[in-house]
Colleague: 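I have a structure here, written as structure tokens, and I will follow up with some questions on it.
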Amino acid sequence: MCITGMGWTTALGDGLDEVWQQLTSGRVGVRESAGDGRPPAALLTDGEADRGADGPPSARQISLAVTTAAAALRDAGCPAGDVDTLVLGSSLGPHLDDAAETSPHTLTSAVAEQLGVARSASVSTACSSGADAVLAGAALLTGGEAERCLCGGIDLLTEGKLLGHRALGTLSASGAVRPFDTDRDGTLFGEGAGFLLLETRAAATARGARILGELRGWGASNDGTGPTAPDETGAGAVLAVRRALARAGADARDIAVINAHGTGTRANDTAEAACYGTVFGKESEAVVFATKPAFGHTLGATGALEAIALLLALRHGSVPPLPHTRTVMPELTLPLAADAPREFTGSLGISLTLGFGGFNTCLLLAADGPRTAVGGAA
């Protein structure tokens with residue numbers, strides 16, 4: 001499956017290259033929300049995600065999705081009318097906080113209508129929603145049901161979600177996300193959206209599209225451990241990664257870079273480290289990075305945002321640092337870009353998401369075309 005367009009709205013803005021440069025420089029987009037009309041004392045991400053902030057949550061979600069999806073279509077040079085299906089993932093959207101009677105698919109249908117895409121589908125698998133939307137789009141293409149799918153994820157940070165995560169104790173007390181650090185103490189949440197245009201190679205070639213990369217493999221599993229806690233042995237995540245590798249016809253030794261879920265919570269990071277140890281062993285040189293220190297945890301959007309970040313990493317041959325990670329947990333034996341960007345060689349990478357309810361999704365991406373230096377020309 002060819003990736004021909006990308007668009008994101010993040011804590012650091014919405015320009016692909018501009019945001020990547022900020023990630024590479026170690027910038028973070030987290031700020032306190034007091035006084036801006038958001039839930040008191042909530043930790044939110046800053047930037048372009050405030051579009052439509054004055055309306056009800058459902059209107060804000062539609063506005064953010066349309067704006068970001070349209071950016072992906074512009075990047076692809078593809079009219080919305082040529083897209084067969086919009087596949088949109090969200091962790092149940094803003095339905096807990098909106099007086100209007102909405103469902104995830106009500107909002108997805110509204111986004112498709114405003115964009116001008118005839119058909120739409122909704123995915124809601126907690127924090128794996130954005131990645132599963134990409135997976136679902138790929139399934140439509142491989143099954144001959146579509147030639148082009150616009151796939152993505154979106155989530156708003158609402159009071160209902162904040163209350164739930166406060167009760168679960170997942171929020172960081174220190175105000176920083178520190179993936180794979182021995183002193184990690186939780187995550188922070190943010191709003192965001194990300195979209196990728198997937199096309200069959202025949203469809204992309206027929207319209208002379210610029211191909212940014214390929215989705216070579218994908219895999220999913222559910223470990224069924226509980227409604228929120230992951231399986232800390234990483235067994236479910238291992239299954240998802242191995243399924244992605246098998247579909248791509250790749251070996252673990254072929255993977256050069258890993259965009260980790262990296263929530264900075266004790267349980268999730270433990271499960272991920274165990275997964276990577278099982279799949280890749282201690283001798284692998286696959287470099288691990290994560291974007292949640294900069295973007296916050298964008299819930300249903302995170303899988304789509306991380307797929308975009310992975311493709312940018314493959315394009316540049318380097319990964320951004322983890323600005324708050326200082327002492328790497330011994331269970332993670334793979335190289336980690338902690339205090340500075342780190343270069344790597346190779347053209348294959350994976351993005352792994354671990355969602356509430358035991359959802360595990362792995363996307364395997366390949367770079368396409370010449371590499372680009374950060375901020376430079378190919």
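Quick caveat, the model's predicted, so the values are computed rather than measured.
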Colleague: Would Leu16 end up clustered with Val257 when hydrophobic side chains under 4.5 Å apart are linked, directly or stepwise?
Modeller: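 Linked, Leu16 and Val257 end up in one cluster.
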
Colleague: With a 3.5 Å cut-off and no angle check, do the side chains of Thr4 and Glu199 form a donor-acceptor pair?
Modeller: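 Present: a donor and an acceptor within the cut-off.
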
Colleague: Taking the side chain as everything from C-beta on, heavy atoms only, tell me whether Gln61 gets closer than 4.5 Å to Val111.
Modeller: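 Not in contact.
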
Colleague: Taking side chain to side chain contact (heavy atoms under 4.5 Å, CB included) as the criterion, tell me which of Val288, Val319, Leu336 meets it with Arg342.
Modeller: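 That would be Val319.
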
Colleague: What is the ring orientation for Phe289 with Trp20, classed by angle as parallel under 30°, tilted 30 to 60°, or perpendicular over 60°?
Modeller: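 It falls in the perpendicular class, over 60°.
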
Colleague: Can you name the nearest heavy-atom pair linking Val123 to Ala133, along with the distance?
Modeller: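 Taking Val123 first and Ala133 second, the nearest heavy atoms are CG2-CA, 4.1 Å.
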
Colleague: Backbone N or O of Gly281 within a donor-acceptor pair of the Ser284 side chain at under 3.5 Å?
Modeller: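 The answer is no, because no donor-acceptor pair under 3.5 Å joins these two groups.
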
Colleague: Check whether Arg326 reaches the backbone of Pro323 with its side chain - one donor and one acceptor, N or O, closer than 3.5 Å.
Modeller: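 Judged by distance alone, yes, a pair lies under 3.5 Å.
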
Colleague: For the pair Glu285 (side chain) and Ala256 (backbone), establish whether a donor and an acceptor sit closer than 3.5 Å, ignoring hydrogens and angles.
Modeller: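 No; judged by distance alone, with no hydrogens or angles, the pair does not exist.
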
Colleague: Looking at Thr302 and Thr298, would you say the former's side chain and the latter's main chain have a donor-acceptor pair under 3.5 Å?
Modeller: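 Not at all, since once roles are kept as given, no pair shorter than 3.5 Å links the two residues.
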
Colleague: Check whether Asn360 reaches the backbone of Gly358 with its side chain - one donor and one acceptor, N or O, closer than 3.5 Å.
Modeller: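 Yes; at least one donor-acceptor contact below 3.5 Å.
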
Colleague: Contact between Leu212 and Arg315 at the side-chain level, heavy atoms closer than 4.5 Å - yes or no?
Modeller: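 They are in side-chain contact.
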
Colleague: How close do Ala304 and Gly194 get, heavy atom to heavy atom, and via which atoms?
Modeller: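 So the minimum-distance heavy-atom pair works out to CB-O, 3.4 Å.
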
Colleague: Answer yes or no: is there a donor N or O on one side and an acceptor on the other, between the side chain of Arg242 and the main chain of Gly219, under 3.5 Å?
Modeller: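 No, Arg242 side chain to Gly219 backbone: no donor-acceptor pair under 3.5 Å.
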
Colleague: Thinking salt bridges, do Arg119 and Asp84 make one under a 4.0 Å N-O criterion?
Modeller: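 Looking at Asp84 together with Arg119, the answer is no, because their closest N to O distance does not fall below 4.0 Å.
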
Colleague: Please determine whether residues Val117 and Val87 belong to a single hydrophobic cluster, defined as Ile, Leu, Val, Met, Phe, Trp and Tyr linked transitively by side-chain heavy-atom distances below 4.5 Å.
Modeller: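 Cluster IDs for Val117 and Val87 differ.
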
Colleague: If you take all heavy atoms of Leu215 and Leu363, which pair is closest and at what distance?
Modeller: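 Looking at all heavy atoms of both residues, the shortest contact is CD1-CB, 4.1 Å.
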
Colleague: Sub-3.5 Å donor-acceptor pair from the side chain of Ser172 to the main-chain atoms of Gly175, do we have one?
Modeller: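 Yes; at least one donor-acceptor contact below 3.5 Å.
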
Colleague: Please report the closest heavy-atom contact between Thr353 and Ala131, naming both atoms and the distance.
Modeller: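 Closest pair (atom of Thr353, atom of Ala131, distance): OG1-CB, 3.6 Å.
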
Colleague: According to a 4.5 Å side-chain heavy-atom criterion applied to Ile, Leu, Val, Met, Phe, Trp and Tyr, with indirect links allowed, do Phe195 and Leu115 form part of one hydrophobic cluster?
Modeller: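 Yes, Phe195 connects to Leu115 through the hydrophobic network.
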
Colleague: Taking atom types as modelled, is there a side-chain donor on Asp14 or Thr9 under 3.5 Å from an acceptor on the other?
Modeller: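 Their side chains do not contain a donor-acceptor pair, so the 3.5 Å distance test is not met.
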
Colleague: Honestly curious: do Leu322 and Leu334 fall in one hydrophobic cluster under the side-chain, below-4.5 Å linking rule?
Modeller: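 Linked within one cluster.
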
Colleague: Using a 3.5 Å distance criterion without hydrogens, assess whether the side chain of Asp155 forms a donor-acceptor pair with backbone atoms of Ser90.
Modeller: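 A pair under 3.5 Å: no.
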
Colleague: Let me confirm one number: the CG-NE2 distance from Leu171 to His297, rounded to the nearest 0.5 Å.
Modeller: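 Between atom CG of Leu171 and atom NE2 of His297 there are 10.5 Å.
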
Colleague: Closer than 4.0 angstrom, basic N to acidic O: yes or no for Glu214 and Arg201?
Modeller: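 Answer for the salt bridge query: yes.
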
Colleague: Could you walk me through whether Leu365 and Leu348 pass the side-chain contact (heavy atoms from CB on, under 4.5 Å) test, one step at a time?
Modeller: CA-CA 6 Å; Leu365 302 181; Leu348 294 182; over 6 Å; no

Colleague: Exactly one of Ser91, Ser129, Ser128 should register a side chain to side chain contact (heavy atoms under 4.5 Å, CB included) with Leu299. Which one does?
Modeller: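 Only match with Leu299 under side chain to side chain contact (heavy atoms under 4.5 Å, CB included): Ser91.
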
Colleague: Can you find a heavy atom in the side chain of Glu272 that is under 4.5 Å from one in the side chain of Glu331?
Modeller: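 No, side chains not in contact.
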
Colleague: Are side-chain heavy atoms of Ile154 and Leu64 found at a separation under 4.5 Å?
Modeller: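 Of all side-chain heavy-atom pairs linking Leu64 with Ile154, at least one is under 4.5 Å.
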
Colleague: Rounded to the nearest 0.5 Å, how far apart are CG of Leu305 and CG of Leu310?
Modeller: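 Going from CG on Leu305 over to CG on Leu310, the span is 12.5 Å.
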
Colleague: Give, for atom CG of Leu196 and atom CD1 of Ile3, the distance between the pair rounded to the nearest 0.5 Å.
Modeller: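 If I round to the nearest 0.5 Å, the distance is 5.5 Å.
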
Colleague: In terms of side-chain heavy atoms, does Thr270 have a donor or acceptor partner in Arg184 at a distance below 3.5 Å?
Modeller: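 Result is yes, a qualifying pair exists.
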
Colleague: Check whether Val287 and Val279 end up in the same hydrophobic cluster, where Ile, Leu, Val, Met, Phe, Trp and Tyr are linked by side-chain heavy atoms less than 4.5 Å apart.
Modeller: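 Different clusters.
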
Colleague: Report yes if the side chains of Val134 and Cys151 come closer than 4.5 Å at any heavy-atom pair, otherwise no.
Modeller: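 The answer is yes, as the side chains (C-beta and beyond) meet within the 4.5 Å cut-off.
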
Colleague: Before giving the answer on side-chain contact (heavy atoms from CB on, under 4.5 Å), spell out for Val241 and Leu352 the whole-Å C-alpha distance, their side-chain angles and the decisive distance to 0.1 Å.
Modeller: CA-CA 8 Å; Val241 173; Leu352 180 64; 4.0 Å; yes

Colleague: Enumerate the residue pairs fulfilling salt bridge (charged side-chain N to carboxylate O under 4.0 Å, His left out) with a member in residues 290-305, sequence neighbours excluded, ordered by first and then second residue.
Modeller: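 Found Lys292-Glu306.
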
Colleague: How long is the gap from CG on Leu86 to OG on Ser120, to the nearest 0.5 Å?
Modeller: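 So the gap between those two atoms works out to 6.0 Å.
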
Colleague: Nearest 0.5 Å, what's the CG-CE distance between Leu135 and Met1?
Modeller: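 Going from the CG atom of Leu135 to the CE atom of Met1 covers 11.5 Å.
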
Colleague: List the atom of Ala11, the atom of Gly29, and the distance in Å for their closest heavy-atom pair.
Modeller: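 For Ala11 and Gly29, the tightest heavy-atom pair comes out as CB-O, 3.8 Å.
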
Colleague: Just do the side-chain contact (heavy atoms from CB on, under 4.5 Å) check on Cys2 and Thr200 with the steps written out, would you?
Modeller: CA-CA 6 Å; Cys2 296; Thr200 63; over 6 Å; no

Colleague: Are any of the side-chain heavy atoms of Phe359 and Leu354 separated by less than 4.5 Å?
Modeller: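 They are not in side-chain contact.
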
Colleague: Minimum heavy-atom separation for Leu73 and Ala80, please, with both atom names.
Modeller: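 Scanning both residues completely, I find the closest heavy atoms to be CD1-CB, 3.7 Å.
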
Colleague: Please determine whether side-chain contact (heavy atoms from CB on, under 4.5 Å) holds for the pair Leu23 and Leu12, giving the CA-CA distance in whole Å, both sets of side-chain angles, and the decisive distance to 0.1 Å.
Modeller: CA-CA 8 Å; Leu23 284 172; Leu12 295 175; 4.0 Å; yes

Colleague: Considering only heavy atoms from C-beta outward, does the side chain of Phe295 approach that of Trp8 to under 4.5 Å?
Modeller: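 Yes - at least one pair of side-chain heavy atoms lies under 4.5 Å apart.
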
Colleague: Hey, could you give me the CG/CZ distance between Leu364 and Arg247, rounded to the nearest 0.5 Å?
Modeller: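 Between Leu364 CG and Arg247 CZ, I get 11.5 Å after rounding to 0.5 Å.
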
Colleague: Ignoring hydrogens and geometry, is there a side-chain-to-backbone donor-acceptor pair from Asp269 to Phe180 under 3.5 Å?
Modeller: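 Here the side-chain-to-backbone pair exists.
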
Colleague: Can you check whether Thr263's main-chain N or O pairs, donor with acceptor, with Thr187's side chain at less than 3.5 Å?
Modeller: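 Yes.
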
Colleague: For Arg210, what residues pass the side chain to side chain donor-acceptor pair (under 3.5 Å) criterion, not counting sequence neighbours?
Modeller: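 So Arg210 forms a side chain to side chain donor-acceptor pair (under 3.5 Å) with Asp75.
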
Colleague: Flag the pair Leu197 / Val83 as yes when at least one side-chain heavy-atom distance between them is below 4.5 Å, and no otherwise.
Modeller: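 Yes - at least one pair of side-chain heavy atoms lies under 4.5 Å apart.
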
